[in-house]
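The block underneath contains the structure these notes are about, expressed in structure tokens.
Side-chain atoms are counted along with the backbone in the values below, which use heavy atoms only and exclude waters and symmetry mates.
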Amino acid sequence: MKKTGKRLMALALCLTVAASVGSMMGCGPRDSGGEPIDSTRTQLNIGTYGGGIGVEWLKNLKQRFEADFADVSFEEGKTGVQIYYTEDKDKYNAPALVNQIAYDSNEVYFATDDALDDFLASNRLLEITDIVTEKLTKYGEDESIEDKLNETQIEHHKRNGKYYSLPYNESSMGVIYDLDLFVQKGLYFAKGGAPSEFCDFTQENNENPATGSFGGYKYTAVNDADAEKTAGPDGLYGTYDDGLPATFDEFEQMLVRMKQQGVDALIWTGQYADTYSNFFPRAFWASYHGIDEGRILYDGGGTGTETRIISSFDSNGEPVITTTTITPDNYEEAAKQAGAYYGLKLMDMIIKGGYASNYSFQGLSHIRTQDKFLVSRFRMGERPIAMMIEGTWWENEADVSGTFDNNVEEFGEQAAKENRNFGLFPMPKVSEDDIGKPTTILGGISSAFINANIDPAKIKLAKTFLQYAVTDESLANFTLETGLPASYRYDMTPEQEAQLSGFAKQYWAMFHESDVLYGYMPSELKLNSAFTATKFKIDNFQSVKTDGVNYSLFVTEAKYNNTSLRDYFEGLYRWASVQADA
């Protein structure tokens, strides 16, 4: 991203705001963390969700903004700013805030989820078009905030040519893997050691040069972190997915290798299995279908979108894939999307093959699950765990909860966050034919906005702060503090990237080399109860038997009831059809 020069510190000299009478906000700042109110400065109140991303990034933003605008007057008779913030996961979830924002004393919000249509219907948000569309030249940038958004984000946040909200923090859902364990146990595929590198490897007369035999696999040497590896799902050497399984067949071989090495393949939180266990198949579904087909789940196909579905199964029980056009009128057909079947197939492999950690079925919280994953490689008597179903906020969450610190006390510096290396597991392709096709990951839904019920005297300050939060410098600091990308296109310097944890480095690379699918729903579909009910069932992989009795979660059905993948998948469509006809 081009810069026009260093950020102009002289900006502070030209921002003087006239005083305004009256206040529309009945409440002043809440708990200031011991910092007394300075009556010579103007106060700005922030509401933030916090949660997995914590508040350290906001502390950093507060300190930088207060320092950079220490000599600026936003109210007559006052100079400088004091930022106060309140963290509340329940209150600053956007849908929950819709009915409370008119009575809330905060002026700027960084919320999770999205409720833009509901906010707009009740005139709860301040228009911010000017700060979104103007070039950020005063901060040394030659682009606007709008220039940093992708088409889907602009389409959602820009209404009738005006902006009232922006995205902010980014998160994906999927599978986290332990890179160090992959090295320690020799789990990576060595270069020249897997079928994906030999386009005709399935022919009987083709000999694998790595092993000298057909059907053989070669793994990297144990403890050889620099060993040459296969190209992975993206088909390119020297990228974040080298050595990982490129296809389903290779994924299954990786599971076998893990068992041979005494490693449990996967863990997820049992307490929240109803959502977390589906992060894995949903992540594969997004990777398989990409943005255009993936949007069907949220917009019903719009005026008509083609997608790949499993229309039937052949005599060998293998799925038959065809293409159909989805619209809101036949939305239940989206339950047949091939990506859902293959995503569940990965879970089916893991559970029925006995590769999952038994802790997954014991009702552990997400924090306890993170701890089990982190210490499994060190604790005597534990089986090492290679992968964990989680959100990409997990590392910051484990840090804030004290898990890393506790592990250092027990196992020494080898367990410290800065000495561990994790990554977001790139989804394998179904077959060699798909290797090299673009990867799509699920984007996180968040929203930043200004309360329309704001003291007019503070509007300039609130807009300035929100715009400042989306400068490249602030976005880079957000990544440094949370280990997560913000929901924008921006650069970090090599020096900044070097400060990131192993996980943050890998995720940063993967995020910027992948397409990102955001689950925004058109407002008219949100009001369609039949559509939203059908979407809920499809989105959460909930199924029914032919007789109308609910199946439980797929992971439960697969482990305890030995329910077949085909029966469960076909149940998805049956349930969607029932909902659509209701």
For this session: Report the C-alpha distance between Y341 and F313 in whole Å, list the side-chain angles of each, state the deciding distance to 0.1 Å, and finish with yes or no for ring-ring contact (aromatic ring centres under 6.0 Å, His included).
Result: CA-CA 12 Å; Y341 173 85; F313 290 83; 5.7 Å; yes
Problem set entry | Main-chain N/O of M510 paired to S514 side chain as donor or acceptor, under 3.5 Å | yes
Problem set entry | Spacing of D371 atom CG and Y359 atom OH [to the nearest 0.5 Å] | 10.0 Å
Pairs of donor and acceptor atoms involving the side chains of residues 477-485, under 3.5 Å and at least two apart or interchain, shall be tabulated with distances.
residue, atom, partner, partner atom, Å
N477, ND2, E473, O, 2.7
T479, OG1, L475, O, 3.4
T479, OG1, L484, O, 2.9
T479, OG1, Y490, OH, 2.5
T482, OG1, F478, O, 2.8
T482, OG1, L484, N, 3.1

Exercise. Quick one: is the NZ or CZ of K229 closer than 6.0 Å to the six-membered ring centre of F189, and within 45° of its axis?
Worked result: no
For this session: For the residue pair H512 and W508, categorise the inter-ring angle as parallel (less than 30°), tilted (30 to 60°) or perpendicular (more than 60°).
Result: tilted
Exercise. If you take all heavy atoms of L149 and L166, which pair is closest and at what distance?
Worked result: CD1-CD2, 4.2 Å
For this session: Run the ring-centre check on Y518 versus H156 and record whether the distance is less than 6.0 Å.
Result: no
For this session: Considering only NZ, NE, NH1 and NH2 on the basic side and carboxylate oxygens on the acidic side, decide whether E197 and K191 come within less than 4.0 Å.
Result: no
Exercise. Hey, are K336 and E570 close enough for a salt bridge, meaning a charged N less than 4.0 Å from a carboxylate O?
Worked result: no
For this session: Dump the intermediate steps for salt bridge (Lys or Arg N to Asp or Glu O under 4.0 Å) on E318 and R566, then the final yes or no.
Result: CA-CA 9 Å; E318 293 299 314; R566 175 177 174 177; over 6 Å; no
Problem set entry | Among W285, F248, F280, ring-ring contact (aromatic ring centres under 6.0 Å, His included) partner for Y342 | F248
Problem set entry | Contact summary for A335 and F569, nearest pair of heavy atoms | O-CE1, 3.7 Å
Exercise. Between Y168 (side chain) and T112 (backbone), is there a donor-acceptor pair under 3.5 Å?
Worked result: no
For this session: Assess the side chains of T439 and E513: does a donor N or O sit below 3.5 Å from an acceptor N or O?
Result: no
For this session: Calculate, to the nearest 0.5 Å, the distance between atoms CG and CD1 belonging to L364 and I267 respectively.
Result: 6.5 Å
Problem set entry | Cation-pi, Y219 ring and R257 (6.0 angstrom, 45 degrees) | yes
Exercise. Under the side-chain contact (heavy atoms from CB on, under 4.5 Å) criterion, do D299 and M521 qualify, and how do the steps go?
Worked result: CA-CA 6 Å; D299 68 8; M521 284 182 64; over 6 Å; no
Exercise. Does atom CD of E418 have more than 12 heavy-atom neighbours, drawn from other residues, nucleotides or ligands, at distances under 6.0 Å?
Worked result: yes
Exercise. Are Y177 and F422 close enough that their ring centers fall under 6.0 Å?
Worked result: no
Distance-only check: which donor-acceptor pairs under 3.5 Å involve side-chain atoms of residues 50-59, not counting sequence neighbours?
residue, atom, partner, partner atom, Å
E56, OE2, K59, NZ, 3.1
W57, NE1, G54, O, 3.1

Exercise. side-chain contact (heavy atoms from CB on, under 4.5 Å) between K148 and D472: does it pass, once the steps are laid out?
Worked result: CA-CA 10 Å; K148 303 180 185 185; D472 281 3; 2.7 Å; yes
For this session: Show your reasoning for whether side-chain contact (heavy atoms from CB on, under 4.5 Å) applies to Q337 and I310.
Result: CA-CA 6 Å; Q337 280 189 311; I310 293 178; over 6 Å; no
Exercise. For the residue pair W394 and F404, does the interplanar ring angle fall in the parallel (under 30°), tilted (30 to 60°) or perpendicular (over 60°) class?
Worked result: tilted
Exercise. Does N223 CG have over 12 foreign heavy atoms under 6.0 Å away?
Worked result: yes
Exercise. Is it true that a side-chain atom of H289 and a backbone atom of G294 form a donor plus acceptor pair closer than 3.5 Å?
Worked result: no
For this session: Would you sort out whether E395 and R420 count as a salt bridge (Lys or Arg N to Asp or Glu O under 4.0 Å), showing the intermediate values?
Result: CA-CA 11 Å; E395 188 180 48; R420 305 294 301 271; over 6 Å; no
Seminar exercise, completed: All heavy atoms of T230 vs all of G192, minimum pair found to be CG2-N, 4.4 Å
Exercise. Is the shortest heavy-atom distance from the side chain of N60 to the side chain of R64 under 4.5 Å?
Worked result: yes
For this session: Indicate the atoms forming the closest heavy-atom contact of S447 with D113, along with that distance.
Result: OG-O, 3.1 Å
For this session: Give, for atom OG1 of T322 and atom CD1 of I309, the distance between the pair rounded to the nearest 0.5 Å.
Result: 4.0 Å
For this session: Indicate the ring-plane relationship of F182 and Y188, choosing parallel, tilted or perpendicular according to the 30° and 60° boundaries.
Result: tilted
For this session: Quick one: do Y507 and S172 satisfy side chain to side chain donor-acceptor pair (under 3.5 Å)? Show the steps, please.
Result: CA-CA 9 Å; Y507 180 39; S172 298; 2.9 Å; yes
Exercise. Side chains of D567 and Y551: closer than 4.5 Å at any heavy-atom pair?
Worked result: yes
For this session: Kindly indicate whether the side chain of M347, heavy atoms from C-beta on, has any atom under 4.5 Å from the side chain of V555.
Result: yes
Exercise. Should the pair K372-E382 be classified as a salt bridge under the 4.0 Å nitrogen-to-oxygen rule?
Worked result: yes
For this session: Indicate the atoms forming the closest heavy-atom contact of P167 with S487, along with that distance.
Result: CB-CB, 3.8 Å
Problem set entry | Gap separating the CD1 atom of I445 from the CG atom of D114, nearest 0.5 angstrom | 6.5 Å
Exercise. Got N419 and Q414 here, is their nearest side-chain heavy-atom distance under 4.5 Å?
Worked result: no
Problem set entry | Under 3.5 Å side-chain donor-acceptor pair for E557 and S552 | yes
Exercise. Below 4.0 angstrom, N of the basic side chain to O of the carboxylate: do D234 and K437 qualify?
Worked result: no
For this session: Look only at the side chain of S474 and the backbone of T471, and say whether a donor-acceptor pair between them is shorter than 3.5 Å.
Result: no
For this session: Determine the minimum heavy-atom distance between N93 and Y49, stating which atoms define it.
Result: N-CD1, 4.2 Å
Exercise. Of all residues at least two apart in sequence or in a different chain, which pass the salt bridge (Lys or Arg N to Asp or Glu O under 4.0 Å) check with K417?
Worked result: D399
Exercise. How long is the gap from CG on D241 to CE on M427, to the nearest 0.5 Å?
Worked result: 11.5 Å
Exercise. Would you find more than 12 non-hydrogen atoms of other residues, nucleotides or ligands less than 6.0 Å from Q362 atom CD?
Worked result: yes
Problem set entry | Neighbour count above 12 (heavy atom, 6.0 Å) for Q496 CD | yes
Exercise. Within 45° of the six-membered ring axis of Y355 and under 6.0 Å from that ring's centre, is NZ or CZ of K259 located there?
Worked result: yes
For this session: Look at E293 together with R308 and state whether they make a salt bridge at an N to O cut-off of under 4.0 Å.
Result: yes
Exercise. So do I435 and T247 actually touch side chain to side chain, heavy atoms under 4.5 Å?
Worked result: yes
For this session: Identify whether the distance between the nearest side-chain nitrogen and carboxylate oxygen of E252 and K345 falls below 4.0 Å.
Result: no
Problem set entry | Straight-line distance of M173 CE to Y276 OH, nearest 0.5 Å | 10.0 Å
Exercise. Between E333 and Y573, does any side-chain donor sit less than 3.5 Å from a side-chain acceptor?
Worked result: yes
